[in-house]
There are 2 protein chains.
Amino acid sequence: MRNSKQRDVILKIVLDSSDHPTADMVYNRARKEIDNISLGTVYRNLNLLSEQGIIKKFKIVGDIERFDKTVITHSHFVCKECGKVIDIMEDSLSDFIKELSNKTNANIERYEVSLFGTCSHCQ
Amino acid sequence: MRNSKQRDVILKIVLDSSDHPTADMVYNRARKEIDNISLGTVYRNLNLLSEQGIIKKFKIVGDIERFDKTVITHSHFVCKECGKVIDIMEDSLSDFIKELSNKTNANIERYEVSLFGTCSHCQ
DNA sequence: CCTTAAATAGTAATGATTACTATTACCGTT
DNA sequence: AACGGTAATAGTAATCATTACTATTTAAGG
């Protein structure tokens with residue numbers, strides 16, 4: 001993998017963001033530094049970086065792809081008022097899923113939990 | 001809401017299916033009964049029927065919309081070998097999410113859990 | 001400073017879903 | 001049984017996120 005100014009900028013944007021940006025959000029932020037950067041380049045590099053485990057790509061049900069600097073396993077909560085995506089770092093969830101795996105005699109290797117409601121700010 | 005042959009056929013197909021069909025799957029099955037039924041009609045009626053609570057529309061992360069005759073809250077497991085979508089009727093999950101709601105002082109109103117792995121048949 | 005392949009910009013294609021519009025058909029009223 | 005209003009439909013176009021394609025640019029090793 002060669003160096004590229006584009007990839008550096010894209011990585012820095014994700015590492016500096018805490019709002020779980022979409023590819024389009026990264027694209028718009030990147031354009032402020034490289035005015036003619038291509039959306040395809042943003043997608044390719046976001047996918048590349050997440051394949052390498054440097055950033056994390058995730059999806060919330062009913063939503064589009066998002067990217068996160070936090071690579072460790074965690075879930076996401078979406079506030080229906082402000083639209084914010086909030087990290088839920090919940091280890092007990094993974095324990096719970098393991099139990100479920102035994103009960104249902106299906107071998108659960110991976111899970112995605114999307115939570116919806118109202119965040120503490122908006123209540 | 002008026003009667004329509006199309007809606008009757010579409011509803012019957014979902015009620016007779018246990019494979020969590022997509023709109024396109026319902027469309028292809030419906031065409032065997034009404035050869036010129038429109039895909040738009042299928043989408044509109046599937047959405048209409050799920051708004052009425054007669055069927056259930058759901059999504060698995062990374063997958064497209066699916067429809068289910070089972071309307072009560074439950075989660076879904078996807079086998080990566082055979083591709084089957086299997087219902088997980090797990091009450092304890094909902095209790096767990098309620099607890100999580102308290103811990104995180106976010107008001108969790110709804111959740112979607114997608115489980116991935118290998119089913120009992122394919123192991 | 002050359003060369004070569006990786007990376008890019010710009011554009012086209014894809015696929016699921018929704019929107020649009022002229023036509024059809026359900027159904028209550030005569 | 002015919003009529004008229006309007007909901008529902010068929011067929012097609014539009015949308016939007018994402019991927020694919022291709023000619024051009026650029027990193028970096030010799």
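Letters go in sequence order (proteins before strands), and every chain restarts at 1.
Side-chain N/O atoms of B:Asn47 include one lying less than 4.0 angstrom from OP1 or OP2 on C:dT18. Phosphate proximity of C:dA25 to B:Gln6: absent, as no side-chain N or O sits under 4.0 Å from OP1 or OP2. Between A:Tyr43 and the phosphate of D:dT19, there is no side-chain N or O to OP1/OP2 separation shorter than 4.0 Å. Of the side-chain N and O atoms in A:Asn3, none sit less than 4.0 angstrom from OP1 or OP2 of C:dA7. A sub-4.0 Å separation between OP1 or OP2 of C:dG10 and a side-chain N or O of A:Ser38 is absent.
Summarising the geometry, the separation between CD on A:Glu51 and P on D:dT19 is reported as 10 Å, rounded to the nearest angstrom. Between B:Met1 atom CE and D:dA8 atom C1' there is a gap of 11 Å when expressed in whole angstrom units. To the nearest angstrom, P of C:dT17 lies 16 Å from CG of B:Asn45. Rounded to whole angstrom, the span from the CZ atom of B:Phe58 across to the C1' atom of C:dA16 amounts to 16 Å. Per the geometry, CD belonging to B:Glu33 stands 15 Å off P belonging to D:dT9, to the nearest Å. For the pair A:Asn36 CG and C:dT11 P, the computed distance is 11 Å after rounding to whole Å. Between B:Leu48 atom CG and D:dA7 atom P the separation is 13 Å, expressed in whole Å. Atom OH in B:Tyr27 sits about 13 Å away from atom P in C:dA16, given to the nearest Å.
Residue-to-nucleotide proximity on DNA chain C shows that, of B:Ser4 and B:Ile64, the 5′-proximal contact is made by B:Ile64.
With a 4.5 Å cut-off on side-chain heavy atoms, A:Tyr111 and A:Thr73 count as touching. Contact annotation: the side chain of A:Asp68 approaches that of A:Phe58 to within less than 4.5 Å [non-hydrogen atoms, C-beta and beyond]. Annotation: side chain of B:Lys59 is not in contact with side chain of B:Ser114 (no heavy-atom distance under 4.5 Å). Residues A:Cys82 and A:His121 are not in side-chain contact: their nearest non-hydrogen atoms beyond the backbone lie 4.5 Å or more apart.
With salt bridges taken as basic N to acidic carboxylate O contacts below 4.0 Å, none links B:Glu33 and B:Lys12.
One cannot find a donor-acceptor pair under 3.5 Å joining the base of D:dT19 and the side-chain atoms of A:Arg44.
Checking C:dA7, D:dT6, D:dT19 against the side-chain heavy atoms of A:Arg2 singles out C:dA7 as nearest. Taking only side-chain atoms of A:Lys59, from C-beta outward, the nucleotide of D:dT18, D:dA8, C:dA9 with the closest atom is D:dT18. Of the candidates C:dT8, D:dT18, C:dC27, the closest approach to any side-chain atom of A:Leu39 belongs to D:dT18.
Residue B:Asp24 is classed as having no contact, given no heavy-atom separation below 4.0 Å to the nucleic acid. At the heavy-atom level, B:Asp35 lies nowhere under 4.0 Å from the strands shown. Using a 4.0 Å heavy-atom cutoff across all strands shown, A:Asp63 reaches no nucleic acid atom at all.
In the hydrophobic clustering of ILVMFWY residues, with side-chain heavy atoms under 4.5 Å counting as a link, A:Leu49 and A:Tyr43 come out together.
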